[in-house]
Asks: 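Starting off with a structure, shown below.
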Amino acid sequence: MKAELLYEGKAKKVYQTEIPGRLVLSYKNDATAFNGVKKKTFAGKGRLNNEISSRIFEFLHDKGIETHFIEKLNETEQLVYQTEIIPIEVVVRNLATGSITKRLGMEEKTIFYPPIVEFFYKNDELGDPLINDEHALFLTNVTPIELQEMKGKALKINQILSELFQRLDITLVDFKLEFGRMIDGTIILADEISPDTCRLWDKKTEGKLDKDVFRQGIGDLIEVYEEILDRLERV
Ligand code: TMP
Ligand code: ASP
């Protein structure tokens, strides 16, 4: 199925396939934080994120959200549609934590209702800076309509996933999405949704069930990712 390696990121590799317009995403066992400054390999992480992201994308399909996901191929790989990735990270926040608390001096756990949507420019050299709509229009080939569409889709995905995680006794605190453009111009959800890209807090204990355990060195990454998968398997 896999042909040449197209791209290697911090947590995934992307391969061409023999079918035009279809790619293989291969999840690595590496975890990085703070723009690659902190790094560690965790046996089993690739399998967990592949499994978790596949389940979440399938759940989104059931709710009418279009994504690049086609199917899970094996433990660490999935087949996706090729898209032109828009170099904007779309972050949705329901509760204040992470970079927004430092940037704007907000108290931890302040509730954002309506949720706050932020754009970050996907650029490792610049450390993925926060940008506004005008910056996005200047820096990328995204159109004003596409930006609004991305914001709208991100908020819809937030509703769907907040409800899903609520059922699992988990608060969806915040998360990051990436969108891609298909050849026909439509914008669809791409990349992954996993504990690498979300903040997930246990409702009862408020314990962190996401990559913050690695970022902050406060727990066992594999244990908490297993916990997320276990709960998703109950849906
Ligand atoms: P932040 O509070 O550090 O800006 O992160 C917001 C959300 O985005 C959080 O759920 C983690 C996720 N995220 C990524 O997926 N990739 C990144 O590079 C960063 C900085 C955050
Ligand atoms: N900044 C990313 C994160 O903390 C990872 C990285 O850039 O190395 O999620």
Side-chain angles (χ1 to χ4, degrees), residues 6-15 21-28 30-33 35-36 46 49-50 52-61 63 65-70 77-93 98-100 115-133 135-137 139-161 172-200 210-211:
L6 271 187
Y7 173 79
E8 177 160 2
K10 287 182 285 228
K12 293 188 289 300
K13 289 182 188 173
V14 184
Y15 294 91
R22 293 185 181 209
L23 303 176
V24 169
L25 287 192
S26 176
Y27 284 74
K28 306 199 293 188
D30 301 338
T32 71
N35 206 10
N49 274 354
N50 184 38
I52 292 168
S53 195
S54 296
R55 278 170 188 268
I56 292 176
F57 276 55
E58 276 164 5
F59 188 81
L60 289 171
H61 288 176
K63 301 286 176 188
I65 302 289
E66 281 187 291
T67 83
H68 72 160
F69 179 78
I70 301 171
E77 294 178 328
Q78 52 186 242
L79 188 67
V80 302
Y81 291 113
Q82 180 158 26
T83 63
E84 181 198 348
I85 293 289
I86 295 164
I88 297 173
E89 300 195 340
V90 183
V91 168
V92 182
R93 301 182 187 273
S99 69
I100 198 169
I116 290 181
V117 181
E118 295 175 336
F119 294 138
F120 293 84
Y121 183 39
K122 205 171 140 63
N123 182 312
D124 282 341
E125 271 164 45
L126 299 175
D128 298 349
L130 177 77
I131 55 172
N132 67 19
D133 291 28
H135 295 136
L137 296 174
L139 291 166
T140 75
N141 65 4
V142 79
T143 67
I145 290 168
E146 286 174 335
L147 263 192
Q148 284 316 306
E149 226 181 294
M150 285 161 61
K151 210 179 270 188
K153 283 182 199 276
L155 287 169
K156 180 78 194 157
I157 291 165
N158 182 45
Q159 265 175 12
I160 295 169
L161 295 186
L172 178 59
V173 174
D174 57 31
F175 59 96
K176 183 267 296 180
L177 301 176
E178 291 180 31
F179 291 89
R181 198 182 284 113
M182 298 282 279
I183 300 171
D184 68 0
T186 51
I187 297 285
I188 61 171
L189 181 66
D191 195 49
E192 68 178 282
I193 300 183
S194 72
D196 270 16
T197 63
C198 301
R199 286 199 175 93
L200 304 166
D210 58 60
K211 201 167 86 175

Asks: Taking all atoms of both residues into account, what is the closest heavy-atom pair of Ser26 and Glu77, and its distance?
Replies: OG-OE2, 3.6 Å

Asks: Which heavy atom of Ser53 sits nearest a heavy atom of Gln78, and at what distance?
Replies: CB-NE2, 4.5 Å

Asks: Taking atom CD of Glu66 as the centre, report whether more than 12 heavy atoms of other residues, nucleotides or ligands fall under 6.0 Å from it.
Replies: no

Asks: Can you tell me how far CG of Asn123 sits from CD of Glu89, rounded to the nearest 0.5 angstrom?
Replies: 10.5 Å

Asks: One pair to check against side-chain contact (heavy atoms from CB on, under 4.5 Å): Thr83 and Arg181. What are the steps and the verdict?
Replies: CA-CA 5 Å; Thr83 63; Arg181 198 182 284 113; 5.7 Å; no

Asks: Only one of Val91, Asp174, Leu172, Asn158 forms a side chain to side chain contact (heavy atoms under 4.5 Å, CB included) with Pro115, so which one is it?
Replies: Asn158

Asks: Got Tyr121 and Thr140 here, is their nearest side-chain heavy-atom distance under 4.5 Å?
Replies: yes

Asks: Kindly indicate whether the side chain of Ile193, heavy atoms from C-beta on, has any atom under 4.5 Å from the side chain of Leu60.
Replies: yes

Asks: Please identify which of these residues, Asp191, Asn49, Asn50, meets the side-chain hydrogen bond (donor to acceptor under 3.5 Å, both in side chains) condition with Lys12.
Replies: Asp191

Asks: Indicate yes or no: at least one non-hydrogen side-chain atom of Leu147 is less than 4.5 angstrom from one of Ile88.
Replies: yes

Asks: Find the distance between CZ (Phe59) and CD1 (Ile65) and round it off to the nearest 0.5 Å.
Replies: 10.5 Å

Asks: Are any non-hydrogen side-chain atoms of Phe175 and Thr197 less than 4.5 angstrom apart?
Replies: no

Asks: Indicate the atoms forming the closest heavy-atom contact of Gly127 with Asn35, along with that distance.
Replies: CA-ND2, 3.5 Å

Asks: Looking at NZ of Lys122 and CG of Asp124, how far apart are the two atoms once the value is rounded to the nearest 0.5 Å?
Replies: 7.0 Å

Asks: Calculate, to the nearest 0.5 Å, the distance between atoms CG and CD1 belonging to Asn141 and Ile86 respectively.
Replies: 7.0 Å

Asks: Taking atom OH of Tyr7 and atom CG of Leu25, what is their separation to the nearest 0.5 Å?
Replies: 11.5 Å

Asks: Any salt bridge linking Asp210 with Arg199? Criterion: basic side-chain nitrogen under 4.0 Å from a carboxylate oxygen.
Replies: no

Asks: Does atom NZ of Lys10 have more than 12 heavy-atom neighbours, drawn from other residues, nucleotides or ligands, at distances under 6.0 Å?
Replies: yes

Asks: Contact between Val142 and Met150 at the side-chain level, heavy atoms closer than 4.5 Å - yes or no?
Replies: yes

Asks: Is the closest side-chain donor-acceptor distance between Asp196 and Ser194 under 3.5 Å?
Replies: no

Asks: Please report the interatomic distance SG(Cys198) to NZ(Lys211), rounded to the nearest 0.5 Å.
Replies: 11.5 Å

Asks: Do Val90 and Lys151 have side-chain heavy atoms sitting under 4.5 Å apart?
Replies: no

Asks: When you look at Val173 and Leu200, which way does the side-chain contact (heavy atoms from CB on, under 4.5 Å) test go after all the steps?
Replies: CA-CA 6 Å; Val173 174; Leu200 304 166; over 6 Å; no

Asks: Quick one: are Leu177 and Lys153 in side-chain contact, heavy atoms under 4.5 Å?
Replies: no

Asks: Report yes if the side chains of Leu189 and Phe179 come closer than 4.5 Å at any heavy-atom pair, otherwise no.
Replies: yes

Asks: Show the numbers, then the answer: is there a side-chain contact (heavy atoms from CB on, under 4.5 Å) between Ile160 and Lys156?
Replies: CA-CA 6 Å; Ile160 295 169; Lys156 180 78 194 157; 4.1 Å; yes

Asks: How close do Ile85 and Ala190 get, counting heavy atoms only, and between which atoms?
Replies: CD1-CB, 3.6 Å

Asks: Counting only heavy atoms from other residues, nucleotides and ligands, does the tally under 6.0 Å from CG of Leu6 exceed 12?
Replies: yes

Asks: Apply side-chain contact (heavy atoms from CB on, under 4.5 Å) to the pair Tyr27 and Glu192, showing each step before the final yes or no.
Replies: CA-CA 10 Å; Tyr27 284 74; Glu192 68 178 282; 3.3 Å; yes

